[in-house]
Amino acid sequence: MKALVVVPDAVELQEVGDPSAKSGEVVVSVHSCGICGSDVHSVEFGTRKLGQILGHEFAGTVVEIGPDVTGWRVGDAVAVNPHGHCGHCDWCKRDVSVRCPNAPHLGLSEPGGYAEYVAVPAVQVAALPPGTTLEQGAHVEPLAVAVRAIREAQLSGGEDVLVFGAGPIGLRVIMAARALGAGRVIALEISPARAAAAGAVGADEVLDTREVDLAAFAEERGLRFAVALECAGVPPALDACAEAVAGGGTIVQVAMGRIPSPLLTARFVSKNLKLVSSTVFGPGDFVQALALITTGVLNMDPLVSERIPLAAAPEAFQRLRNPQDSVGILVQPGR
């Protein structure tokens, strides 16, 4: 089969062996796999082992069923949770399954979704009901990241929310905030295309921080941000969130920037703010994200700006090192 394989400073389309379904596994024919910024940066900075097949935002069709697997049939449409969990280790007990050392993590420790086929533990696939497309299924994983971020924010309903950065995860955070009880949602984004997407998926206002004084804007509109979610990963973002959030509020750090972010601790402490991180998601977040999509609460279509074949993915990886106006790219091996 064809797959994208990590080579020095890039990914490369190669012919590799087809996977087979071992005990407890199914083989999924990949329909769509989103390109995540974490994949792009892992290649850029050399943090993934050579030969790895990346890709963790994917959905497809079951084409082979391994021994001892029940409840699945060839042809079933499924979304894949790439992160296994044993349920017993300290990480799983803390609901941080991505760090579980006892289970496979597809696209990280095991072959992932930038391929024609993937062997997946049967416990890590979820059925897509009739009327849900395979493209929609590929959005479940990144939406689960956003659901987790909103859970960490502990919204009680009706609070004003600030989202700093409207890239692929920031856009989903806007959607999750809207679906899970936020009041007014304000987004900060400098890319015109991403700003337009933020408005399309539910932001009440989208501001360019180069042109608007956020504090003055909030005072004029009567905004009181109980929560700010930092989804950009740029150094000024964290302190800007601390300045904007109301006293006693919460900042959720979602993005993983590589450059240290300055934070004026005097203001942070004097306002009695809380800073928490949001690390990927747990099994419950994946189930909730799946429900938000399959019940039609959220329409994920505005989050796709390109659909490309595997052969075009190496160029896309290079381009996304400076994403500019890209909203979201789906790799579709069957194209």
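This chain uses plain numbering: 1 for the first residue, then up along the sequence. Predicted, not measured: the structure shown is a model, and the values here were computed from it.
- Arg184 is not listed as a side-chain neighbour of Glu205, based on a closest heavy-atom distance of 4.5 Å or more.
- Side-chain contact between Val120 and Val27: absent, with no pair of heavy atoms (C-beta onward) separated by less than 4.5 Å.
- Between the side chain of Glu189 and the main chain of Arg194, no donor-acceptor pair closer than 3.5 Å is present.
- Asn272 places no side-chain N or O within donor-acceptor distance of the main-chain N or O of Gly247, the cut-off being under 3.5 Å.
- At least one side-chain heavy atom of Glu141 sits less than 4.5 Å from a side-chain heavy atom of Phe281.
- Both Val145 and Leu290 are assigned to one and the same hydrophobic cluster, defined by single-linkage of ILVMFWY side chains at heavy-atom distances under 4.5 Å.
- With rounding to the nearest 0.5 angstrom, the NZ atom of Lys2 is 10.5 Å from the CG atom of Asp18.
- Residue Leu330 is found in a hydrophobic cluster whose other members, listed by chain and number, are Val304; membership requires side-chain heavy atoms under 4.5 Å apart, directly or through intermediates.
- The CD atom of Glu152 sits 5.0 Å away from the OG atom of Ser278 when rounded to the nearest 0.5 Å.
- Minimum interatomic distance between Ala193 and Val327 (heavy atoms only, all atoms of both residues): O-CG2, 4.1 Å.
- One N or O on the side chain of Arg178 and one on the backbone of Gly183 form a donor-acceptor pair closer than 3.5 Å.
- In terms of hydrophobic clustering, with Ile, Leu, Val, Met, Phe, Trp and Tyr side chains grouped at heavy-atom distances under 4.5 Å, Val74 and Val69 are assigned to a common cluster.
- Across Ala3 and Ala115, no two heavy atoms sit closer than the pair CB-CB, 3.7 Å.
- To the nearest 0.5 Å, atom CD1 of residue Ile169 and atom CG of residue Leu143 are 9.0 Å apart.
- Nearest heavy atoms, Arg48 versus Ser42: CG-OG, 3.3 Å.
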Item to check | side-chain contact (heavy atoms from CB on, under 4.5 Å) between Val245 and Thr250, intermediate numbers included | outcome: CA-CA 7 Å; Val245 171; Thr250 300; over 6 Å; no
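- You'll find the side chain of Leu214 stays beyond 4.5 Å of the side chain of Thr209, heavy atoms only.
- Using a distance-only test at 3.5 Å, with no hydrogens or angles considered, a donor-acceptor pair links the side chain of Gln124 to the main chain of Pro82.
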Sequence neighbours left out, cut at 3.5 Å: what donor-acceptor pairs do the side chains of residues 51-66 make with other protein atoms?
from, atom 1, to, atom 2, distance (Å)
Gln52, NE2, Glu110, O, 2.8
Glu64, OE2, Ala21, N, 3.1

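- Once rounded to the nearest 0.5 Å, the distance linking CG of Asp95 with CZ of Arg151 reads 5.0 Å.
- Rounding to the nearest 0.5 angstrom, the gap separating the CD atom in Glu243 from the CZ atom in Phe225 is 11.5 Å.
- Nearest heavy atoms, Phe317 versus Val43: CE2-CG2, 4.0 Å.
- The shortest non-hydrogen separation linking Pro19 to Met1 is CD-SD, 3.7 Å.
- No hydrogens or angles considered: nothing links the side chains of Ser277 and Gln253 as a donor-acceptor pair under 3.5 Å.
- Ile150 and Phe164 fall into different hydrophobic clusters, where Ile, Leu, Val, Met, Phe, Trp and Tyr residues are linked whenever their side-chain heavy atoms come under 4.5 Å apart, directly or through other members.
- Considering only heavy atoms from C-beta on, Trp72 comes within 4.5 Å of Val125 through its side chain.
- Within a 6.0 Å radius of CG in Leu50, other residues, nucleotides and ligands contribute more than 12 heavy atoms.
- Taken to the nearest 0.5 Å, the NE2 atom of His83 stands 8.5 Å off from the CG atom of Leu106.
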Next on the checklist: For Ser32 and Gln136: C-alpha separation, side-chain torsions, deciding distance, then whether side-chain contact (heavy atoms from CB on, under 4.5 Å) applies.
Outcome noted: CA-CA 9 Å; Ser32 296; Gln136 289 173 312; over 6 Å; no
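- Taking the side chain as every heavy atom from C-beta outward, Met175 and His139 never approach each other to under 4.5 Å.
- A continuous path of hydrophobic side-chain contacts links Val201 to Ile293 [ILVMFWY only; heavy atoms under 4.5 Å].
- With hydrogens and angles disregarded, no donor-acceptor distance shorter than 3.5 Å links the side chain of Glu219 to the backbone of Gly222.
- In the hydrophobic clustering, Met256 connects to no other residue, as no ILVMFWY side-chain heavy atoms lie under 4.5 Å from its own.
- Asp239 pairs in a side chain to side chain contact (heavy atoms under 4.5 Å, CB included) with only one of the listed residues (Thr265, Ile251, Leu264), which is Leu264.
- Residues Phe286 and Val173 share a single hydrophobic cluster, defined by chaining ILVMFWY side chains whose heavy atoms lie under 4.5 Å apart.
- Remark: the His41 side chain and the Glu44 side chain contain an N/O donor-acceptor pair separated by less than 3.5 Å.
- Counting only distance, with no hydrogens or angles, the side chain of Glu159 and the backbone of Val161 share no donor-acceptor pair below 3.5 Å.
- The heavy-atom pair separating Leu180 from Gln288 by the smallest distance is CD2-NE2, 3.4 Å.
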